[in-house]
2 protein chains.
Amino acid sequence: MEVTKVENQRLAIQKKIDKVLCSKAEPETCCPVKDILARFGDKWSIYTILTLGKEEKLRFNELKSQINGVSQRMLTVTLRSLEEDGLVSRQVYPEIPPRVEYSLTPLGQGLLLQLLQLADWAKLNIDQILEARERYAKKEKQAQLA
Amino acid sequence: MEVTKVENQRLAIQKKIDKVLCSKAEPETCCPVKDILARFGDKWSIYTILTLGKEEKLRFNELKSQINGVSQRMLTVTLRSLEEDGLVSRQVYPEIPPRVEYSLTPLGQGLLLQLLQLADWAKLNIDQILEARERYAKKEKQAQLA
DNA sequence: CAGAATCCTTAGTGATACTG
DNA sequence: CAGTATCACTAAGGATTCTG
């Protein structure tokens with residue numbers, strides 16, 4: 001019985017993978033995971049989403065000062081691409097000096113929750129990963145000596 | 001009552017973000033999410049993990065033929081980095097011709113589950129994202145005409 | 001078969017200067 | 001303030017050739 005259960009779980013996973021992993025043709029829009037990952041797989045998107053998640057509404061320079069190390073250019077590029085995907089909304093107030101407020105859309109908030117879940121897993125397993133890296137580094141060293 | 005509940009949820013999220021988002025110093029090892037994302041934010045890692053998740057054990061060329069478009073070099077690089085993090089195990093059989101079998105470690109299987117969860121979200125929301133992109137493209141076009 | 005090594009192209013990123 | 005435009009650099013990725 002137990003064995004069948006595990007077996008069934010395995011099959012369910014394989015089935016899921018098959019649906020997610022469209023192996024051929026159209027590299028775009030075909031694999032939704034890949035497409036989503038491309039959104040925050042870059043250097044600044046995660047930080048931007050997390051920072052906006054904390055504060056609800058932030059102006060350009062507020063974001064820039066809270067995201068440590070980002071350049072003006074890259075923040076602009078990142079915000080544009082997030083806006084393009086409907087994850088961030090951009091509210092322009094036609095004043096002088098100009099004021100622009102950024103915030104997460106409901107869609108962006110949904111993604112934020114996914115990121116936080118991933119973060120839970122990451123925190124739970126980061127030590128294992130760091131250990132694995134050390135082990136690997138040691139093995140490398142020994143291989144070089146030989 | 002309802003309001004307080006929502007309010008509390010919001011605070012819980014902000015707290016979580018604060019823990020995940022270490023804003024200053026040590027860019028490495030400090031933000032676990034970023035660190036994990038760097039693992040499969042690249043071009044081939046996800047495909048590799050998903051493909052290995054389907055088949056349990058695969059040889060180098062089997063992987064290469066199943067991951068559509070990957071070069072020999074990039075597959076090697078990807079596998080090495082996944083092995084380094086303890087996500088993939090590499091079993092060498094000292095025969096002639098050589099045989100090498102790759103498989104997910106328990107840690108890698110854990111990450112696979114996370115990826116599949118993300119995939120669920122992705123599939124659920126990909127349409128909204130695509131719509132947002134179209135809307136954005138239209139707005140861009142109109143702005144250019146003006 | 002499973003790669004290592006090399007070279008080359010280009011996309012991502014960053015610094016700087018300028019503008020409504 | 002909130003950008004845009006330009007240039008320059010680096011690293012990711014890919015094509016090819018060679019090997020135990």
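Note that the coordinates shown come from a computational prediction; the quantities given were computed from them, not determined experimentally. Throughout, a chain's letter reflects where its sequence line sits, starting with A, and its residues are numbered from 1.
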A.B. asks: Counting heavy atoms from C-beta on, name the nucleotide in D:dG14, C:dG3, C:dC1 closest to the side chain of B:P98.
C.D. replies: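 The listed nucleotide nearest to B:P98's side chain is C:dC1.
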A.B. asks: Would you say B:R80 reaches C:dA4's phosphate, i.e. side-chain N/O to OP1/OP2 under 4.0 Å?
C.D. replies: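 B:R80 to C:dA4 OP1/OP2: side-chain N or O found under 4.0 Å.
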A.B. asks: May I have the distance from B:F60 (atom CZ) to C:dA4 (atom C1'), rounded to whole angstrom?
C.D. replies: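 Taking CZ of B:F60 and C1' of C:dA4, I get 11 Å after rounding.
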A.B. asks: Please tell me if B:K43 has a side-chain N or O lying less than 4.0 Å from either OP1 or OP2 of C:dA11.
C.D. replies: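 Negative; the distance criterion is not met.
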A.B. asks: Determine: side-chain N/O of A:R99 to OP1/OP2 of C:dG20, distance under 4.0 Å, yes or no.
C.D. replies: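 Answer is no, no contact under 4.0 Å.
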A.B. asks: Do the side-chain N or O atoms of A:Y102 get closer than 4.0 angstrom to the phosphate oxygens (OP1, OP2) of D:dC1?
C.D. replies: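 Checking D:dC1 against A:Y102, no side-chain N or O comes under 4.0 Å of OP1 or OP2.
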A.B. asks: Mind calculating the distance between CE (B:M74) and C1' (D:dT16) to the nearest angstrom?
C.D. replies: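 Rounded to the whole Å, the gap is 16 Å.
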A.B. asks: Look at the side chain of B:V100 and decide which nucleotide, out of C:dA2, D:dC1, D:dG13, has an atom nearest to it.
C.D. replies: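 Nearest to the side chain of B:V100 among the choices is C:dA2.
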A.B. asks: Hey, is the main chain of A:K54 close enough, under 3.5 Å, to the side chain of B:Q14 for a donor-acceptor pair?
C.D. replies: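 Yes, because the side chain of B:Q14 sits within donor-acceptor range (under 3.5 Å) of the backbone of A:K54.
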A.B. asks: For B:S103 and B:S89, does a side-chain donor sit closer than 3.5 Å to a side-chain acceptor?
C.D. replies: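 Note: B:S103 and B:S89 side chains meet the donor-acceptor criterion.
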A.B. asks: Is there a donor N/O on one and an acceptor N/O on the other, under 3.5 Å, for the side chain of B:R73 and the base of D:dG13?
C.D. replies: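 Checked by distance alone, the answer is yes.
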A.B. asks: Whole Å only: how far is the CD1 atom of A:I67 from the P atom of D:dA2?
C.D. replies: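 Distance, rounded to whole Å: 14 Å.
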A.B. asks: Among the nucleotides C:dC1, C:dA4, D:dT4, which one has an atom lying closest to any side-chain atom of B:Q72?
C.D. replies: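 Within the option list, the nearest is C:dA4.
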A.B. asks: Do B:K57 and B:Q91 come within less than 4.5 Å of each other through their side chains, counting heavy atoms only?
C.D. replies: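 B:K57 vs B:Q91: side chains apart.
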A.B. asks: In whole angstroms, how far is the P atom of D:dC1 from the CG atom of A:L58?
C.D. replies: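 The answer, rounded to whole Å, is 15 Å.
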A.B. asks: Report yes if some heavy atom in the side chain of B:V70 is under 4.5 Å from a heavy atom in the side chain of B:T48; otherwise report no.
C.D. replies: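 With C-beta onward as the side chain, the pair stays apart.
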A.B. asks: Take the protein atom CG of B:D42 and the nucleotide atom P of C:dG12, then report the distance between them rounded to whole Å.
C.D. replies: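 Whole-Å distance recorded here is 14 Å.
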